[in-house]
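Treat the numbers as computed from the prediction; the structure is a model and nothing was measured. Every chain is numbered from 1 and lettered A, B, ... according to where its sequence line falls, protein lines coming before strand lines.
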Amino acid sequence: MADRYAPQGIEQKWQARWEADRLYHAPDFDPRPKYYFLTMYPYPSGDLHIGHWYAMAPSDAAARFKRMQGYNVLFPIGFDAFGLPAENAAIQHGIHPYTWTMDNIERMRGQLRSMGASWDWEREVVTCDPGYYKWNQWFFLKMYERGLAYRALAPVDWCPQDNTTLAREQVVGENRVCERCGTPVVKKNLEQWFLKITAYADELLDFSKIDWPERVKVLQQNWIGRSGGVEFSLPVRDHPGRSFAVFTTRPDTVYGMTFAVLAPEHPLVDELTAPERRAEVEAYKFKAARASDIERLSTEKERDGVFIGAYAINPMNGAPVPIFVADYVLLSYGTGAIQGVPAHDQRDFEFARRYGLPIRVVVAPPGWRGEELERAYLEEGTMVNSGPFDGLPSPEGWQRIADEMERRGVGRRMVNYRLHDWLISRQRYWGTPIPIIYCQTCGTVPVPEEDLPVLLPHDAEFRPTGESPLKYHEGFRRVRCPRCGGEDAERETDTMDTFIDSSWYQYRYLSPHDQARPFDPQVGRYWLPVDQYTGGIEHAVMHLLYTRFWTKVMRDLGLVDFDEPMLRLYNQGIVLGPDGQRMSKSRGNVVDPDEQVRQYGADTVRGYLMFMRPWDEGGPWDPKGIEGVHRWLHRVWALVTDPVPQGTRADARISLRELRHRTHATVKRVTEDLEHFRFNTAIAALMEFTNFLQNVKGTPSGSGPAWEEAIRALLLMLAPFVPHIAEELWAKTGRPYSIHQQAWPQYDPELARAETVTLVIQVNGKVRDRIQASSDISAEEARRLALESERVRRVLDGRPVSDVIVVPGRLVNVVVR
RNA sequence: GCCGGGGUGUCGGAACCGGUAGACGAGCCUGACUCAAAAUCAGGUGGGGGAAACCCCGUGCGGGUUCGACUCCCGCCCCCGGCACCA
């Protein structure tokens, strides 16, 4: 008996050797074709979670596979190092965010190394490094120059728990809570910095240049929420010169307007409200301001509102309609005002029912005889009650009314988006300072490029006051105006959203130490764009939208010559606890990767994570399931290292052709599976192959060139999945270092084809017999064999055969009526 | 409500350009080894009927197309995820 598989010794040994030999360093240029494989970089929260392994171990296998296929693979790693948890640790435990973050990074580096992944550590990026965030500031200034970064007073979402504003994308769910801490957000009117992502809204809807999951594309589409319609203006009766605009996607229904609605916060409400209605309107506005609380309390969202005592004029027919305020109209979308067309909008319908407003049908449903509607009719139909447009099909009416409004100058076609500009100001310390100075005489002045980076001072005080700690740092805040030299200038004390860091980190990996520019364009020409990106789905409308936006801006700045940052995207699933629940410390179901590695070795943990389920599904961690993978690796070890028991099974015959066939067929399967990230079936194929080789061992076929070919292929195929045991067995069998620099095995399609097949014989679609036959059996021969089959004849029982279907090499179906 | 994904043994799953349903692994059962257990190895394992040969049923439900349907079409049910008064 040879020695047994003991991963603990061999894994560290090889990890050290690979690193010393710079085995995975990707050169800036290379004659080989490049492959940029990027996995979302981790946040240094403290300890590596099994979820990190689930995201990274299969990525590593895929990157290793590409490398063996002859690509120069860039597989970088870094840390998303700015963010709230570091600052909260400072407030709660008095540790400086920098110390907290760098300690965590140091610990995680060690844990990540234990995975045996093929990262190029020489390109590591840490975003809280001034050498990194300097370029956040630089990009910001470029955007400011182009009008893509601007400051505005706007109602913004504020998290009272985290004491900062949030981007719209960071507010989630029905109750509009902070995506980080789950606290309901409140609205505040603040001067904040925005990036003009809406300028790219239409281009962001174009996914034709990227191969991304349908799910993500749909999420982004919905998030951008493009809708085409008409914006037109309603004069207010008895208020000369006063009017307000409404946006509608249904100008064809304008004659059906029987009321109009303003959002409670609409700037015209106060002015238009009649004195006798004021008290009621004020009460309603107060209620609406607290709407998020009330909504959660009411079981049913009642559509309510208040008449303000004024009338708007329908510009198409001059009819006056009452104006209401109602909180189902949002100030943040369109113009904050709508036409109320109850016959053709369900919300307006319910509102009209409640307040006894007329419901006027202007698009007749097919066969409509003037009866009352049960609910709003939303489909197309024939225009009625619409003056000169009567009788038109409603889609044509849509265009004609839009034309008429434009001709008269009361309205115009336009497009509205749900997408808002990206609010990037954060009232927190641990982020990139926004490089802006406010001067009493010059106004808003950008920090000159040569003064970058604006360093984040180390000695700030952390107080959860709701204002940026930098505001209280006199040395930081007080500054000379770079334009006029005046003393009365102050720095912006808010910091940037950390999603800015991750919007362009893929570029920094190309030249992480470049002092003169965000990345070297020469290196970029070789490596960009990212060929494959992998990560969780949770960033679908945040990071993944922002980074597309960022790249388009970089293109318009002349920094890159392509439109999309990442050509292919894959979203892996989530590992759950053994109880099927999301892992959490409070539930006590957290699987610690370090502990698993100590018990089984990194290869087993990697292998199990890939074998457990399809990568995009994730699922519960099964403590028994990992045993199966561990046993398999033991079997592989024994298969390769145990001396062959000569002639012990000389009676058992497996032909050389069969051995070679199984080898080549397995190479084919594993290659194809790896190309599609089907790690689970790839490993299943390798297990099958191992089991097969165990049966061959000891038989006459268990030695010689065909056997050597099989073992060699097995080890090469193992290399991406379980790199340490593969390297060890490769060395133990006298093969030259390193297995990870070998070419991926090729298969011969001829050999991959089976020599004999099981021909299935059916009668009327039911399997009645199975016959071993040559795989290139002719249709006639197959047909003859089927009809001669004893079992078939018995089932036929003399009935005449009406048809015989032959699928070459697969089956024969004998049809009787 | 809308959008996306999915319902297959005891469990995770495989097959899905229509052609042997249940690969691989887990669990369970039997046997070998052992004083015994663990580990390891060998065999079995969808349900029902039968002594056996073999037969019937079976991929959420109901229809359909087809020589043949887990796979395609129509109509439902259920589960997971996302968005949610977007005019």
- Task: Quick one: list whatever passes side chain to side chain donor-acceptor pair (under 3.5 Å) with A/Asn680, sequence neighbours left out.
- Result: none
- Item | Closest non-hydrogen atom pair between A/Arg582 and A/Asn589, with its separation | O-ND2, 3.2 Å
- How far, in whole Å, is B/C24 from B/C76 if one measures between their P atoms? 40 Å
- Judged by modelled atom types alone, do A/Ser774 and A/Glu755 share a side-chain donor-acceptor pair under 3.5 Å? no
Expected rows: protein N/O vs nucleotides 25-29 of chain B N/O, under 3.5 Å:
| from | atom 1 | to | atom 2 | distance (Å) |
| --- | --- | --- | --- | --- |
| B/G25 | OP1 | A/Arg635 | NH2 | 3.4 |
| B/G25 | OP1 | A/Asn691 | ND2 | 3.2 |
| B/A26 | OP1 | A/Arg631 | NH1 | 2.5 |
| B/G27 | OP1 | A/Lys624 | NZ | 3.3 |

Within the sub-3.5 Å range, which N or O atoms of nucleotides 30-32 of chain B have a protein N or O partner, and how far apart are they?
none

- Query: Going by distance alone, is a donor N or O of one side chain under 3.5 Å from an acceptor N or O of the other, for A/Tyr608 and A/Asp603?
  - Reply: no
- Strand partner of B/G68, provided both Watson-Crick or wobble distances fall under 3.5 Å: none
- Message: Considering every strand and a 4.0 Å limit on heavy-atom distances, what is the contact class for A/Asn416: base, sugar-phosphate, or nothing?
- Response: nothing
- Quantified in whole Å, what is the P atom distance between nucleotide B/C67 and nucleotide B/G82? 45 Å
Just the table, please: protein N/O against nucleotides 65-67 of chain B N/O, every pair under 3.5 Å.
| from | atom 1 | to | atom 2 | distance (Å) |
| --- | --- | --- | --- | --- |
| B/C67 | O2' | A/Asn813 | ND2 | 3.2 |
| B/C67 | O2 | A/Asn813 | ND2 | 2.5 |

- Query: Parallel, tilted or perpendicular for A/His543 and A/His539, by the 30°/60° rule?
  - Reply: perpendicular
- Item | Single hit among A/Phe677, A/Phe679, A/Trp212 for ring-ring contact (aromatic ring centres under 6.0 Å, His included) with A/Tyr570 | A/Phe677
- Message: Taking only the C1' atom of each, what is the distance from B/G22 to B/C41 in whole angstrom?
- Response: 25 Å
- Query: Between B/G75 and B/C3, how far is it from one P atom to the other, in whole Å?
  - Reply: 13 Å
- Query: Between A/Arg784 and A/Glu781, is the closest basic N to carboxylate O distance under 4.0 Å?
  - Reply: yes
- Pick the C1' atom in B/G12 and in B/A23, then give their distance to the nearest Å. 13 Å
- Quantified in whole Å, what is the C1' atom distance between nucleotide B/G50 and nucleotide B/C56? 11 Å
- Task: Can you tell me the pairing partner of B/G1 across any strand shown, Watson-Crick or G-U wobble, with both distances under 3.5 angstrom?
- Result: B/C83
- Query: Taking only N and O in the side chain of A/Thr335, is any of them less than 4.0 Å away from OP1 or OP2 of B/A87?
  - Reply: no
- Which part of the nucleic acid does A/Pro614 contact within heavy-atom distance under 4.0 Å: base, sugar-phosphate only, or nothing? sugar-phosphate
- Query: With a 4.0 Å cut-off on heavy atoms, is A/Ser332 in touch with a base, just the backbone sugar-phosphate, or nothing at all?
  - Reply: nothing
- Interatomic spacing from CZ in A/Phe689 to OG1 in A/Thr666 - rounded to 0.5 Å: 5.0 Å
- Between A/Leu378 and A/His344, the two heavy atoms sitting closest are CD2-O, 3.3 Å
- Message: Considering every strand and a 4.0 Å limit on heavy-atom distances, what is the contact class for A/Val807: base, sugar-phosphate, or nothing?
- Response: base
- Which pairs, with at least one residue in residues 802-813 of chain A and sequence neighbours excluded, count as a side chain to side chain donor-acceptor pair (under 3.5 Å)? none
- C1' atom, B/G1 versus B/A84: distance in rounded Å? 8 Å
- Readout for nucleotides 45-57 of chain B: B = base within 4.0 Å of protein heavy atom, S = sugar-phosphate only, - = neither; 5' to 3' it is ---------SSSS
- Grab the two heavy atoms, one from A/Val541 and one from A/Leu219, that are nearest each other, plus how far apart they are. CG1-O, 3.6 Å
- Query: Would B/G6 be called syn or anti, given that syn covers angles within 90° of 0?
  - Reply: anti
- Would you indicate what A/Arg418 reaches in the nucleic acid, counting non-hydrogen atoms under 4.0 angstrom: base, sugar-phosphate, or nothing? base
- Please give the nucleotide sitting opposite B/A36 as a Watson-Crick or G-U wobble pair, both distances under 3.5 Å, or none. none
- Query: Does some side-chain heavy atom of A/Arg215 sit less than 4.5 Å from a side-chain heavy atom of A/Val218?
  - Reply: no
- Query: Nearest to the side chain of A/Phe247 - B/A87, B/A15, B/A84?
  - Reply: B/A87
- Message: Taking any heavy-atom pair under 4.0 Å as a contact, classify A/Arg215: base, sugar-phosphate, or nothing.
- Response: sugar-phosphate
- Message: Just to verify, which of A/Ile50, A/Ile574, A/Leu576 counts as forming a side-chain contact (heavy atoms from CB on, under 4.5 Å) with A/Met583?
- Response: A/Ile50
- Query: When rounded to the nearest Å, what value does the distance between C1' atoms of B/G18 and B/U71 take?
  - Reply: 6 Å
- Query: According to the Watson-Crick and G-U wobble definitions, with both distances under 3.5 Å, which nucleotide is paired to B/C11?
  - Reply: B/G25
- Closest non-hydrogen contact found for A/Val254 with A/Met405 is CG2-CE, 3.9 Å
- Query: Side chains of A/Tyr284 and A/Asp304: donor-acceptor distance under 3.5 Å anywhere?
  - Reply: yes
- Query: Do A/Arg250 and A/Asp348 meet the salt-bridge criterion of a basic N to acidic O distance under 4.0 Å?
  - Reply: no
- How is A/Thr249 classified with respect to the nucleic acid when contacts are heavy atoms under 4.0 Å: base, sugar-phosphate, or nothing? sugar-phosphate
